[in-house]
Amino acid sequence: MKTMLIFQNKTIPVYLTDTNKQSVEKLTTVLNRKITTGKNAVKKCITSLISVEIVGSEATLHSYYERDTLTISLY
């Protein structure tokens with residue numbers, strides 16, 4: 001399933017393996033927390049975010065540069 005997320009005035013596609021809308025809400029909470037308190041590598045990935053893939057309780061953040069792609073836990 002594909003849904004869209006508006007984060008930092010950008011529309012980001014989010015791909016889900018199941019239809020659990022709670023995971024999208026959790027993703028928004030985690031991204032907001034990481035952008036303020038995360039390490040520089042995480043902040044860099046989030047600012048250049050182009051898509052997110054959620055599988056189970058993990059979210060893979062895809063950025064413009066492949067080497068900046070990260071996987072974070074939602075829980």
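Nothing here was measured: the structure is a model prediction, and the numbers come from that model.
Contact detail for T47 and Q8: the closest heavy-atom pair is CA-OE1, 4.2 Å. Nearest heavy-atom pair across S63 and D68 is OG-CB, 3.1 Å. Annotation for V30 and L74: closest pair CG2-O, 3.9 Å, computed over non-hydrogen atoms. The two residues S23 and I54 have their closest heavy-atom pair at O-CD1, 4.1 Å.
Put simply, I6 and M1 are part of two different groups of oily side chains (I, L, V, M, F, W, Y) that touch within less than 4.5 Å, one to the next.
Judged as a side-chain contact (heavy atoms from CB on, under 4.5 Å), and not counting sequence neighbours, the contacts of L70 are V42, C45. For T60, the side chain to side chain donor-acceptor pair (under 3.5 Å) partners are T71, not counting sequence neighbours. K39 meets the side-chain contact (heavy atoms from CB on, under 4.5 Å) test with no other residue; sequence neighbours excluded. Scored by the side-chain contact (heavy atoms from CB on, under 4.5 Å) test, T37 finds R33 as partners (sequence neighbours excluded). Scanning for side-chain contact (heavy atoms from CB on, under 4.5 Å) contacts around S51 gives P13, Y15, H62, with sequence neighbours left out.
The distance from the CE atom of M4 to the NZ atom of K10 is 12.0 Å, given to the nearest 0.5 Å. Between L61 atom CG and L27 atom CG the span is 7.0 Å, to the nearest 0.5 Å.
Here Y64 sits in one hydrophobic cluster together with I50, Y65; the rule is ILVMFWY side chains under 4.5 Å apart, joined directly or through other members.
At a threshold of 4.5 Å between non-hydrogen side-chain atoms, the residues V52 and L5 do not count as touching. Between L31 and I35, the closest side-chain pair of non-hydrogen atoms is not below 4.5 Å.
For NZ of K43, the number of neighbouring non-hydrogen atoms (other residues, nucleotides, ligands) closer than 6.0 Å is greater than 12.
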